[in-house]
4 protein chains.
Amino acid sequence: MPKVGMEPIRREALVNATISEIGRVGSLDVTVSQIAKRAGMSSALAHHYFGGKDQIFLAAMRHILSVYGAQVRAALLGAKTPRDRVEAIIRANFEAGNFRPEVIAAWLNFYVLSQSMDGARRLLTVYQHRLHSNLVHGLRPILGEDALQDAHDLADMIAAQIDGQFIRHALREETPSGKRATAQVLDFVDAMLKARGN
Amino acid sequence: MPKVGMEPIRREALVNATISEIGRVGSLDVTVSQIAKRAGMSSALAHHYFGGKDQIFLAAMRHILSVYGAQVRAALLGAKTPRDRVEAIIRANFEAGNFRPEVIAAWLNFYVLSQSMDGARRLLTVYQHRLHSNLVHGLRPILGEDALQDAHDLADMIAAQIDGQFIRHALREETPSGKRATAQVLDFVDAMLKARGN
Amino acid sequence: MPKVGMEPIRREALVNATISEIGRVGSLDVTVSQIAKRAGMSSALAHHYFGGKDQIFLAAMRHILSVYGAQVRAALLGAKTPRDRVEAIIRANFEAGNFRPEVIAAWLNFYVLSQSMDGARRLLTVYQHRLHSNLVHGLRPILGEDALQDAHDLADMIAAQIDGQFIRHALREETPSGKRATAQVLDFVDAMLKARGN
Amino acid sequence: MPKVGMEPIRREALVNATISEIGRVGSLDVTVSQIAKRAGMSSALAHHYFGGKDQIFLAAMRHILSVYGAQVRAALLGAKTPRDRVEAIIRANFEAGNFRPEVIAAWLNFYVLSQSMDGARRLLTVYQHRLHSNLVHGLRPILGEDALQDAHDLADMIAAQIDGQFIRHALREETPSGKRATAQVLDFVDAMLKARGN
DNA sequence: AATGAATGAGGATTCATTCAT
DNA sequence: GATGAATGAATCCTCATTCAT
């Protein structure tokens, strides 16, 4: 058994275990012991590496958001047209990595956590802003440069539609279908653009 | 001091206190003592009336949903056309009674609670179904009787948009604007209907 | 079993138990559970009444100091001459209530606690000042009104001698003899006064 | 990096770190990790060299007492008369090496430790006895060979006065003045001897 | 109807200590 | 010689819940 360089391994295991446990229980009422046990270590070690429960939650949240962020960036790389960009962003939200039951459950719980924990709120806000500006960036060329307010409004609505899709799946037992969610949001975007004459 | 007929008064006080406390704290990590204190009684009495914390939460949830249900029903009374019906349903969601910070916070928390508490999930499911069928009922005449699947899809999307509006406001410090939320959802519905040629 | 008005009873029991346990163990490494057990209740109740371990310690310290303060006041009542006053103060320190092994042990531990806990330090400082000014008050008429500095110095030395007597007894197994301690301090005071021509 | 002969260096570093940490915190609630960190090594190594926390404390105590012992011996070398001897012993107590805030704090804490740890008590007792017999040795020629009991009593009182001076300084923020402490104890001794006609 | 009293169960966190490398 | 890794055992504190009055 190797005894050096365990830190990143342990941290990753704990982050994954945290998401799994939150997904399993369906709430943040998860003990450090449960998390540590699932990650295959003692709760003392979890504290040793993260300092406390809050930090563990924060790390798990950061992980989810960074995986998501990476997917968005990757998706944007292949986008040629503004329309492609918007579509890529939307698709990234419902990709396999994000749109799994346990991740959806964790995501919803982190939303709640952000209401009471400053660090979590900051994290979430950053990602919301990024999503928003990415969307606006894609929408402006389509709507016309002078329709800035409209781009912001539409970006808000798309973001709401994405969040809405997530939350709708948080309570379903069935395996969430990223395909259908994507289709609905894209359908929605098309209708909005068409209604605006684009 | 009257000692009789206190029950409904106490229950109501506790339900309101529960929503307030959840709103204040921003999570379900609210103690029975906190709730009872805000309601002006001992925690023992809270237990006496509700039997336990879960029941208190359930009652608060039921209260929120029933106020909401009443508003939908009231709104539907004045609706003449199918379009009116859809609009009425949407408006009801963002009416003053529902769309207050503490209620939004509580609502989000109850969504989470539904992931781990059967009674809560049932309650929520009932209301989601009701919203869905109300929407379908309004949409079918507009979309045409043979577009049933389309009506279901659109109802889903509208519901998602509504949820999305709620969740977007859960983290904002500003007083939520029911007006703007309503406008966005209606804008969205119009676009969808227009895109479908209605 | 009476179920009302328990608070003062419980608090007193806890304070006594705290002193006993500190005396028994000989250090502040005493758990709330140990204290509570000796006081005949659950540790949860101890927390309920005091809020935390620090408050329990503080209450015990306050108790010791206030018993001591009362003894000083009582002793001063019967003092006619300045010399009587000084002697009364000294005697009060070694009276039965204070000069018991467990109280001596607790006293020493509280001295240490005062190095790290602000509340404890304040408490102790107040009593040190009171002792000092009581002594000065008694000494000035004896030493002459213009020998103020001398009175302060002598008061310091008497206080040191008293503390020294306590600490010397903190490690002895034998039952401490208040009589001998008193005699030594008085002998010391007499010598000091005599040396100064009084 | 030399890997041999580290032991004495490490031990000394740990002993000093222990005294510093106890002085800093003001109590024995100091973790081995804190001590080791200040000594510039891992806590595992501290255990390796001392076997356990108790041994570390004991070593630190032994260090303080042996420095003190050396100072007494050195002071006694230059003493010609019995009076000189007594004075030398007293001066040694308040010399720079001992009478520093952190050492005073540690000393007080070790006094407490002696109440619960046998090894510590033995150590302390040995030094108390040595101080006592040194004092008696100096006092007997002064008081007269037949005043043995008186010599013992006076030695006790001097020891108490010294301890009292230490404890009085344990709570002060100001830098302790060895000069003033020495002066007071000597003043006290002079008065006692004078009162006895010497 | 109402509450102060009381507790068992549990959870976050700390820490001395051990061990493999 | 030296340390990061790891944990069991505690300890403080909280809280839902019960009960006697």
Side-chain angles (χ1 to χ4, degrees), chain A residues 1-7 9-10 29-37 40-56, chain B residues 1-7 9-10 29-37 40-57, chain C residues 1-7 9-10 29-36 40-56, chain D residues 1-7 9-10 29-37 40-56:
Chain A
M1 260 174 281
K3 284 282 192 176
V4 284
M6 295 304 305
E7 175 151 0
I9 298 172
R10 295 300 196 186
D29 284 336
V30 164
T31 70
V32 174
S33 293
Q34 282 166 14
I35 294 172
K37 187 171 200 175
M41 71 194 81
S42 72
S43 68
L45 196 56
H47 274 94
H48 174 67
Y49 281 124
F50 279 100
K53 198 184 189 182
D54 283 359
Q55 306 307 315
I56 297 178
Chain B
M1 264 174 278
K3 290 277 196 176
V4 288
M6 292 303 291
E7 175 149 0
I9 297 171
R10 295 296 197 187
D29 284 336
V30 163
T31 71
V32 175
S33 294
Q34 282 166 14
I35 294 172
K37 186 172 200 176
M41 71 195 79
S42 71
S43 68
L45 195 54
H47 272 91
H48 174 67
Y49 278 124
F50 281 100
K53 198 184 186 181
D54 284 359
Q55 307 306 315
I56 297 178
F57 277 165
Chain C
M1 262 174 281
K3 284 282 195 177
V4 284
M6 295 303 303
E7 175 150 1
I9 298 171
R10 294 301 197 184
D29 284 334
V30 164
T31 70
V32 175
S33 293
Q34 283 166 15
I35 294 172
M41 70 194 80
S42 71
S43 68
L45 196 56
H47 274 97
H48 175 67
Y49 280 124
F50 280 100
K53 198 185 188 181
D54 283 358
Q55 306 306 315
I56 297 178
Chain D
M1 265 173 279
K3 289 278 196 177
V4 288
M6 292 304 290
E7 176 149 1
I9 297 171
R10 296 295 197 188
D29 285 336
V30 162
T31 70
V32 174
S33 294
Q34 281 165 15
I35 294 171
K37 186 172 200 176
M41 71 195 79
S42 72
S43 69
L45 194 55
H47 271 90
H48 174 68
Y49 279 124
F50 282 100
K53 197 184 186 182
D54 283 0
Q55 307 308 314
I56 297 178

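Here the structure is a predicted model, which means the values were calculated and not measured. Heavy-atom basis, side chains included; hydrogens, waters and symmetry copies ignored. Below, chains carry the letters A, B, ... as their sequence lines are ordered, and counting in each starts from 1.
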Handout entry: Residue mapping more 5' on DNA chain E - nearest nucleotide basis, M41(C) or R10(B)
Key =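 Nearest nucleotide further toward 5': that of R10(B).
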Nearest-Å distance for atom pair [atom1]/[atom2], residues [X] and [N]:
X: M6(C); N: dA20(F); atom1: CE; atom2: C1'; result: 12 Å
X: E7(C); N: dA6(E); atom1: CD; atom2: C1'; result: 13 Å
X: I56(D); N: dA16(E); atom1: CD1; atom2: C1'; result: 10 Å
X: L45(A); N: dG8(F); atom1: CG; atom2: P; result: 11 Å

Problem - OP1 or OP2 of dG4(E) under 4.0 Å from side-chain N/O of Y49(C) - result: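 For dG4(E), OP1/OP2 do not have a side-chain N/O of Y49(C) under 4.0 Å.
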Practice task
Any chance you could list the contact pattern along nucleotides 11-18 of chain F? Use B for base contacts, S for sugar-phosphate-only contacts and - for none, protein heavy atoms under 4.0 Å, 5' to 3'.
Solution key: SSBBBSBB
Practice task
Remember a base hit wins even if backbone is also touched, and classify F50(C) as base, sugar-phosphate or nothing at under 4.0 Å, heavy atoms.
Solution key: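 It contacts nothing in the nucleic acid.
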Atom pairs and distances, side-chain donor-acceptor, residues 29-36 of chain A, under 3.5 Å, sequence neighbours left out:
unit_1, atom_1, unit_2, atom_2, d
T31(A), OG1, S33(A), N, 3.4
T31(A), OG1, Q34(A), N, 2.9
Q34(A), OE1, T31(A), N, 3.4

Handout entry: Nucleotide-level pairing of DNA chain E, given in dot-bracket where Watson-Crick and G-U pairs need both distances under 3.5 Å and | marks other strands
Key = .||||||||||||||||||||
Problem - Gap separating the CE atom of M6(B) from the CD1 atom of I9(B), nearest 0.5 angstrom - result: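 If we round to the nearest 0.5 Å, M6(B):CE and I9(B):CD1 are 5.0 Å apart.
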Please set out all donor-acceptor pairs under 3.5 angstrom arising from side-chain atoms of residues 45-52 of chain A, sequence neighbours excluded.
unit_1, atom_1, unit_2, atom_2, d
H47(A), ND1, S43(A), O, 3.2

Exercise for the section: For E7(A), enumerate each residue passing the side-chain hydrogen bond (donor to acceptor under 3.5 Å, both in side chains) test, keeping only those at least two apart in sequence or located in another chain. Expected result: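 So E7(A) forms a side-chain hydrogen bond (donor to acceptor under 3.5 Å, both in side chains) with R11(A).
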